[in-house]
Amino acid sequence: MAEKRSTPKIEVRTATTKDVNAIIALSAKVFKDEAPYTRGMIMGQLSAFPEGQFVVVYEDEIVGYAATMVLPEAKVMKQHSWAEVTGGGYAAMHDRKGDWLYGIEVCVDPDRRRLRIGKRLYDARRRLCQDMDLKGIAFGGRLPGYKRHAKKYGTPEAYLEAVRKNEPHRSGRLLPSEGGLRAGVSPEELLSDRHRLRRPRRPHGLAEPLLRSRTGQAAGQPLQPRHRTHRHRADAGAQDV
Amino acid sequence: MLLSAEPEELKPEAAIARLTEHTPEFVELMTAMAIRRNINIIGGSHATRTEDGEIQNVGYAFLRDGSVHAREKIHPTPNERQYWHIQGGDPIDVIETDCGPVGIMICYDSEFPEIARRLCDQGARILFVPFNTDTRHGYLRVRYCCQARAIENQCYVVTSGMTGNLANVDNLDIEYAQSGIFTPCDFPFARDGIAAETSENVEMVAVADLNLSTLAWARYEGSVRNFRDRRLDLYRTKWSDGG
Ligand SMILES: CC(C)(COP(=O)(O)OP(=O)(O)OC[C@H]1O[C@@H](n2cnc3c(N)ncnc32)[C@H](O)[C@@H]1OP(=O)(O)O)[C@@H](O)C(=O)NCCC(=O)NCCS
């Protein structure tokens with residue numbers, strides 16, 4: 001008789017403090033040339049909003065992590081930076097009375113990509129969003145591929161629109177492939193200070209976009225970038241480290 | 001206390017070096033006590049020799065599961081540096097306990113607001129401050145700062161200082177303290193933001209029940225919401241470890 005597996009091979013569950021070391025190791029593996037998450041940041045996320053931090057365990061190994069918080073609409077829809085709304089990654093600004101789920105982080109082990117692990121994490125977020133009766137999920141992300149296509153598309157906004165239409169070869173990873181996607185571009189060059197810390201300088205004019213998605217809603221127009229109150233970092237030509 | 005039992009008075013540097021020899025015994029004793037009594041103990045701070053031979057001022061938490069957590073003092077005082085050659089530590093991290101994450105700030109560290117804020121960002125809701133001050137001035141520096149930390153982070157701050165005299169111990173001979181358990185200042189807390197307090201410079205025990213959900217209430221519904229009303233679009237502490 002064929003051997004039967006009684007325990008699951010792959011599992012999505014909420015993270016606990018016992019997972020902290022594995023999450024740090026994962027983040028170091030995924031973001032190779034950046035400072036990995038610190039223990040304190042993960043502890044902060046776990047204690048601010050334990051229901052919102054998910055891991056994927058594949059064959060007893062932690063291969064995916066998604067960190068989440070809740071924010072009020074005013075903060076989400078306003079031009080913002082990752083460091084600002086997440087309090088530098090600690091999630092201390094989690095607002096249990098807010099109306100949007102906000103994605104702080106999602107990362108998947110490079111050796112376990114394209115197994116729908118990212119998708120599983122996103123589904124976990126989506127269930128949480130529905131359970132909590134929130135308006136939707138918002139997150140900031142990078143726009144991979146923009147650098148390569150910058151000449152062709154010019155502004156990040158134009159590139160974003162093209163990605164939405166599936167124009168360039170989709171190395172732009174837009175995870176929430178189902179449901180409506182509303183997106184806008186943040187003038188931040190790099191969304192997080194954590195990301196900024198150990199990064200080589202970016203070429204002139206490269207902007208990091210802010211994507212906002214709303215689940216279960218028909219695809220809308222991309223949000224127009226708001227009035228830019230801050231000087232464009234890349235335009236300024238200097239990056240404070 | 002251990003030092004005053006020495007047969008003759010040691011010079012400050014020799015005395016602190018001698019004190020480090022007691023570390024293993026101290027740790028063993030307190031760990032056994034935490035298990036036997038089924039309690040979590042924040043065991044004050046103790047001069048400890050690190051692997052590279054330096055002497056640091058280290059606070060210890062002995063948890064009822066038998067684990068021991070050491071936290072180094074980040075800022076040695078000019079006096080500690082001069083007389084005892086104490087070096088400052090670098091890591092600033094909460095300790096995970098069965099009562100949630102807690103933080104330890106040794107004495108002078110409580111006078112640097114960035115430390116408490118980082119610990120509270122990491123989820124600490126109670127900060128423990130063992131201290132040793134020899135004058136009322138020194139004591140009040142710690143106390144005022146701890147009360148400020150409790151208000152600005154909307155957390156509890158528990159202070160515990162040494163009182164009385166220590167014969168035979170140079171540089172630690174007189175002590176002044178009035179230990180207390182401080183709260184944010186808002187309706188659900190005691191009127192003066194003091195949950196419990198000892199008498200001035202008398203050795204005694206202070207007891208208070210601290211309710212963590214009252215802190216959550218204060219952070220969301222309180223008259224002021226210092227912890228969450230921060231303007232992170234304007235300012236934020238950047239740590240060298242990326243935190
Ligand atoms: C983005 C990331 C989480 C995706 O993880 P994953 O488990 O490999 O993704 P999944 O297998 O769940 O794929 C989900 C969808 O994205 C698509 N996708 C994933 N990687 C892709 C790639 N490199 N190029 C094009 N499409 C990709 C999949 O085809 C799938 O789309 P579909 O449902 O329409 O078929 C992972 O690549 C990662 O950790 N990247 C580095 C961290 C990062 O950039 N995080 C984003 C926030 S800053």
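Quick note: numbers below take in every heavy atom, side chains included, and nothing from hydrogens, waters or symmetry partners. So that the names make sense, note that chain A is the first sequence line, chain B the second, and so on, each numbered from 1.
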So does [X] have more than 12 non-hydrogen atoms from other groups sitting under 6.0 Å from [atom1]?
| X | atom1 | result |
| --- | --- | --- |
| B:D209 | CG | no |
| B:D98 | CG | yes |
| B:F112 | CZ | yes |
| B:E28 | CD | no |
| B:R36 | CZ | yes |
| A:E59 | CD | yes |

At what distance, to the nearest 0.5 angstrom, does CD of A:E84 lie from CZ of B:R230?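 Answer for the CD-CZ pair, A:E84 versus B:R230, is 12.0 Å.
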To the nearest 0.5 Å, what is the distance between CZ (B:F227) and CE (A:M93)? 7.5 Å
Nearest non-hydrogen partners of [X] and [Y], listed with the distance:
| X | Y | value |
| --- | --- | --- |
| A:A83 | B:R236 | CB-NE, 3.8 Å |
| B:D241 | A:T38 | O-CG2, 3.4 Å |
| A:A92 | B:D121 | CB-OD1, 3.1 Å |

Mark yes or no for whether B:Y220, through its side chain, and A:R96, through its backbone, hold a donor-acceptor pair below 3.5 Å. yes
With salt bridge (Lys or Arg N to Asp or Glu O under 4.0 Å) as the test, pick out the partner of A:D95 among B:R225, B:R219, B:R228.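 Only one of B:R225, B:R219, B:R228 forms a salt bridge (Lys or Arg N to Asp or Glu O under 4.0 Å) with A:D95, namely B:R228.
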Side chain, backbone, both or neither of B:R231 within contact of chain A (heavy atoms, under 4.5 Å): neither
So what's closer than 4.5 Å to chain A heavy atoms on B:A124: side chain, backbone, both or neither?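 Neither part; nothing is under 4.5 Å.
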Using 4.0 Å as the upper bound for N to carboxylate O, is an ion pair formed by A:K97 and B:E221? yes
